Structures are given as C-alpha cells and as structure tokens.
Q: 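Dropping the structure in here first, questions after.
Both backbone and side-chain heavy atoms feed into the values below; hydrogens, waters and symmetry mates do not. This structure is a prediction, so every number in the text was calculated from the model and none was measured. All chains are named by letter (A, B, ...) in the order of the sequence lines, taking the proteins before the strands, and each is independently numbered beginning at 1.
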2 protein chains.
Amino acid sequence: MPETGSVDRFRLNARPNDRKYMTTLDTADLAAPTTIEEFRERLSGISEGLPRRLRQCADHIAANIDRIAVSTVAELAAGADVPPSALMRFCQILGYSGFSEMQKLFRDAYAPGFPDYSTRLKNLKETGAGTPSALLGEFIEAGRLSLEALAKSADEAALAQAVVLLAAADTVHIIGLRRAFPVAAYLAYVFDKMSVPAMLHEGTGKLDHRHALRPGDAVLAITFAPYSDETIALAQHARDQGLPVVALTDRITSPLARAGDAILTVPEVDFGAFRSLSATLALAIALAVAVGSARG
Amino acid sequence: MPETGSVDRFRLNARPNDRKYMTTLDTADLAAPTTIEEFRERLSGISEGLPRRLRQCADHIAANIDRIAVSTVAELAAGADVPPSALMRFCQILGYSGFSEMQKLFRDAYAPGFPDYSTRLKNLKETGAGTPSALLGEFIEAGRLSLEALAKSADEAALAQAVVLLAAADTVHIIGLRRAFPVAAYLAYVFDKMSVPAMLHEGTGKLDHRHALRPGDAVLAITFAPYSDETIALAQHARDQGLPVVALTDRITSPLARAGDAILTVPEVDFGAFRSLSATLALAIALAVAVGSARG
DNA sequence: GATATTTTGGAATAATTATTCCATTTTGGA
DNA sequence: TCCAAAATGGAATAATTATTCCAAAATATC
C-alpha cells in the first residue's frame, strides 16, 4: 500500500519512517474518541505540531465544542476561517470517517431521553429474567432517572406561582383519580398535617363535589395521560368560576394545562400503564410543604 | 386568494367563516413563536382540537423539546409515529415556513450548559432556605438517596417469598393508612390493571372489613412509624386465621414485622416530618407487577 | 535554487435531509 | 346514506450539506 495522502501521516496505520521529510508532529492516532472527555483530551494532545489550517480548526473547535452538535461543516469552517475541506480533513485526522460521525457523538451525548421502558420491561418479562429483584432494579432506576430529570427541568417560576395561589386559598380542593390518586391522597395527608384546609375529591358519585367549590378556594388538579375527564371537568369548572387552578400534569400539551393558572409538569418515566411517581411525589410534597409554611 | 389547503385553517390569515364545515378549533395563529417560552405557550394553546396525527406531533414535540435542535425531521417524525409530511404540516401550523426555520430557534438557543444533576440541585437549594425551589431540591435528594439505599439493602429472598404468597392468594387485601395510604392506593390500582383480585381496605368505619377476609386470601399490610394500630390489628387478625401476611414497613423491629410471613423493609430518607415514598413505591410496584405476571 | 513532499482551496459529486404535491382515506354533517 | 371538506401518507422533487478529489501553492531538505 503506497502512501496515498497526507492525512495518513497523522493516523493510526501510518508507517512512521518511510519518508524523507517530517515537518510536523507524528501523531499516530488511535481510534476516534467515543466520549466527549476523550475528545477533549485528543484535541489538546494533537493541536501542537499541526499545520496552519488544521491548527485553526483545532482551535476553533476547542473554543466552540458545544456548538458542534448544532452546526454544519460550512458554519464551523467559516468560524475557523478555513475552507470546508480543511475541516473535513481535521475530522478524519481525529479518527472519524467524516464530520457527520464526529457530530453524532455530540448529538447523542446531549440527548437526555429516557430509555424506552415499556419495551424494556416487556423484554424483561418475556426473557424470563423477570425475577422480582430484576423488576425492582428497573423500577429503582426509573425512579432515579425521573428525579434527575425533574431536577433539570423543574420550572421554578411556575412552582413559586403555584405556592402563592394555594397559600392564598381558603380551602384547597385536591383532585386526582386513578394513577394520580395516590399523589392526591398524599397531598391531602400532608396538607392535613400542616393544618392547611384541604379537601380530597374522590371520583365516586360523579360530579357532586363541584358544589363544594366556594369563592376564595383554589383547586389543585392532577392527571396524566390518558387524562381523566372528571379531573379536567372539575378544573375547568373551577376556572369558569374564577377560582385559581394549579395543574400537575405530564406535558404542557395536556388538556389540563389549558385550565391551569400555574402549570407544573413532571417528567416521569412511564411503563405502559404504570409510572414510578417518584418525581411527581417529590414535586407534590415540596409544593405542599411550601404552601404550609407560607401560611405560617 | 383562494383557500389553498387545510393548514391555512389554523394559521394567521385564515378567514374564519368562508367555509361550510368547522370540525376543529379555529386556532388562528399569530406569527411564529420567536422564543422558546413563546413556543411552549403556543404548543399548549394549540394542542386542543388538533386532528390525530398533528396532536401526536404536538405531544411528541412537547415531550422532546430539547431534542429539536439536534434532530432531523425524519427522526422526530418517527418518534411521534407519524410520516415526515405530518411533522412538516405541524411546523407550518405553528407559523414557521418549515422545519428548518423552527429548528433554527432551538439551535440558536442551544446551550448545553444545561447544568448537570448535581449542579442544578445545588442551585435549587441555594435559592434560599424555605423557598419552594429549595424544598424541591431537598425532596429530590431524599428520594434519590432512598432509592439508592433500597437498591443496596433490598432483601431478594423476602421479595420472592412475598410474590409467591400473593400470587397464590384468591384475593389480596391491601391495607395502609395515613401516610401509607398512597402506597396502598397505588398498589390497588396496579393490581386492578393487572387483573389481580384485590381489595383496598380503608380506615373509615373502623374494623368492619375484617369479615371480608376469607380462607385462601392474603393480606398486604403497610405501615411506618408511628405505626397504625388498625393496620397491625388487621394483619394480626389475618395471621390468627392462618392467612399469609406480607408486611411492608420501615424497620425489621416494626410491630408489623411480628405479624408478617414475608417482611419487606424500605429505607426511606425523611426530610423534615415527611418522607418521599420514592423507595416505597418502587418496591410496591415491583411487587405488584411481579405478582401480576406470576399469575399469568 | 531544485526537488520531493505536504498542505491547501475550491470545484465536482454524493449523500442526506427538507419540502411539496396530490391521490386516497377519513370525518362530520345533511 | 351520501356529499363536501379535512386529513393523511407516500412518492417526487428541491435544497442543503457532507465529502472527495486533484491541481496548485507552500514548505522542507538538499
């Protein structure tokens, strides 16, 4: 195999000494970095001894590492003040097949998504690995992820707003049915412990309870997909009467979000019909305790 | 200008009443959102009354707002389970000329300086003692610690044993009062979803329900310090009748532990007077799902 | 200063991705 | 039931973007 091009000099299989000149460092690279940490190291290790244009690439990339995921070759090249082909060469020197492969690293690393738990659990059951302990492990992990996601995404302003609304209410009406019911029940418990007048609305007997709503009260409604009509109806009813409504739900596109004056969304990992509720409860307790202490 | 296509119905200049049918909401949009905040609002405002495919787009986009910057049309469409053309239509309904224009908003705003979990947690807590955000930070951390402790301390044998006992039962009687009540309620919900005959015993009306216990049944009792006398009494009563009792409690020294055939303990971290229930619920769901699938 | 070698820039091409268009299906109302 | 309008999916096309290639320029060595 003859020496085909200059890039090879920097790469893994370059034979070091079958050439007459050696103007720059002989950085025989290993495989391409697969983590951002590795990438940074490679970058600082390589930049010395690179020819001018490639060094410009290295410098600009190093200074704009967090824009790689959302930039095009042309944009980055322009920023580095080199032609696109130079940037391509640079990516290849780093060990990637091209820019796209390098970019993928940064796009994937950013994606905060939950694993697909419903299929994961199904597999777990089907493969017979579904021992109770394995299941427990999955649910623990799901809870952990949910809590982390909540920490990252919590809307502090909405939370503060919700506290203000509920703290000012004469009575807090709590409604949450089906899988939101445990949350509602726990909120009722905490409010009770903190001497906040609260009423837990149950689903039984249909819409009887809406008469309990009185001027000066507020509603705290909780529902997740598939949304409970009764919960939404009560929230809407309250809103029609001019009462403040705090909505605790899963997405801003939830039908409950329309009826809410403060909207709290919780990123919870779902397994089909089940959700871990870890994040939901954490947010709920924080809300309740904050309301309790705001009332003195 | 003639009515050229369906998309116009949702858009700014659509003339509202020059058509015969109006099947969905007439959301005459303003200009396309230019900030992410606006985008969120638009999303929650528009989602109602959207046809099926477009609603799927709205939901998926809402749940993956932070992936827009680094995704392609095809990827997002696949995630929403719609064809790419549907997603394009959705972007246009929002007011953009197409996906690229919408994506630009997110690429410009893209700040991977998104604090990681521990940084963000610190920020939350540092907003000042007693603020809702600080409380939220504390409860998130308590939940996470609880889950980690559970992962380390879980008694696999006891869990397996509990599954066997409950899977063999005709009817599972669940009792948990006060702060254990949300857990009991959620267990009842999950059992119901999985078609496991289960009965949730409530505290009202005192001890009436013990007559519901029949040979072949089993009891799942939940209580934490300060322990509920009624819960312990029901568990003891069941045991006296020779029914198997699964105990979900906080310590091995809990009075409930004496009445249980399988004892599950959960190391829950308290913050202030309240406990997060994260670990308890994780264990509870795992138990319920395992029982559900053991029954087939 | 001559020559072998590396580096460079830009034009040509390939690949991917966004976007449009329209025939078909679905929906809602008479 | 039928009809008009809306919604849909997928194939065709347009636009963008990545990648290669190679002639020209620069550089190091002698």
Q: Do A/Leu248 and A/Leu287 have side chains that approach each other closer than 4.5 Å (heavy atoms only, starting at C-beta)?
A: no
Q: Measure CZ/A/Arg52 against P/D/dA28 and give the value in whole Å, please.
A: 12 Å
Q: Write down the distance between CG (A/Leu54) and C1' (C/dT7), rounded to a whole number of angstrom.
A: 8 Å
Q: Can you identify which nucleotide, out of C/dT20, C/dT8, C/dG10, has its nearest atom closest to the B/Ser85 side chain?
A: C/dT20
Q: For A/Gln92 and A/Arg89, which I'm curious about, is there any donor-acceptor pair between the side chains at under 3.5 Å?
A: no
Q: Is there any protein nitrogen or oxygen under 3.5 Å from a nitrogen or oxygen in nucleotides 15-18 of chain D, and what are the pairs?
A:
from, atom 1, to, atom 2, distance (Å)
D/dA18, OP1, A/Val73, N, 3.3
D/dA18, OP2, A/Val73, N, 2.7
D/dA18, O3', A/Ser100, OG, 3.0

Q: Counting Watson-Crick and G-U wobble pairs only, both distances under 3.5 Å, name the nucleotide matched with C/dA30, or none.
A: D/dT1
Q: Does a salt bridge link B/Arg120 with A/Glu156, judged by any charged N lying under 4.0 Å from a carboxylate O?
A: yes
Q: I want to check something: taking the side chain as every heavy atom from C-beta on, are A/Leu264 and A/Leu159 in contact at a cut-off of under 4.5 Å?
A: yes
Q: Output the rounded distance in Å from CZ (B/Arg89) to P (C/dT20).
A: 12 Å
Q: Expressed as a whole number of angstroms, how long is the span from A/Leu87:CG to C/dT8:C1'?
A: 14 Å
Q: Please find the pair of heavy atoms, one from A/Ala180 and one from A/Phe224, that lie closest to each other, and give the distance.
A: CB-CE1, 3.9 Å
Q: Nearest whole Å is fine: how far is C/dT6 C1' from A/Phe90 CZ?
A: 18 Å
Q: Do A/Phe39 and A/Met102 make a side-chain contact, defined as non-hydrogen atoms from C-beta onward lying under 4.5 Å apart?
A: yes
Q: Checking the side chain of B/Arg144 only, and the main-chain atoms of A/Arg144 only, is there a donor and an acceptor separated by less than 3.5 Å?
A: no
Q: Taking atom P of D/dT20 as reference, at what distance in whole Å does atom CD of A/Glu101 sit?
A: 11 Å
Q: Please work out which residues in residues 76-83 of chain B have a non-hydrogen atom less than 4.0 Å from an atom of DNA chain C and list them by number.
A: none
Q: Using the test salt bridge (charged side-chain N to carboxylate O under 4.0 Å, His left out), find all partners of B/Asp59 that sit at least two apart in sequence or belong to another chain.
A: B/Arg55
Q: Figure out the CE/C1' separation between B/Met102 and C/dT19, and round it to whole Å.
A: 14 Å
Q: In this structure, how many angstroms lie between the P atom of C/dC21 and the CD atom of B/Gln92, rounded?
A: 10 Å
Q: Now, which nucleotide makes the Watson-Crick or G-U wobble pair with D/dA12, with each of the two distances under 3.5 Å?
A: C/dT19
Q: Using distance alone, with no hydrogens and no angle criterion, decide if A/Thr249 and A/Ser254 have a side-chain donor and acceptor under 3.5 Å apart.
A: yes
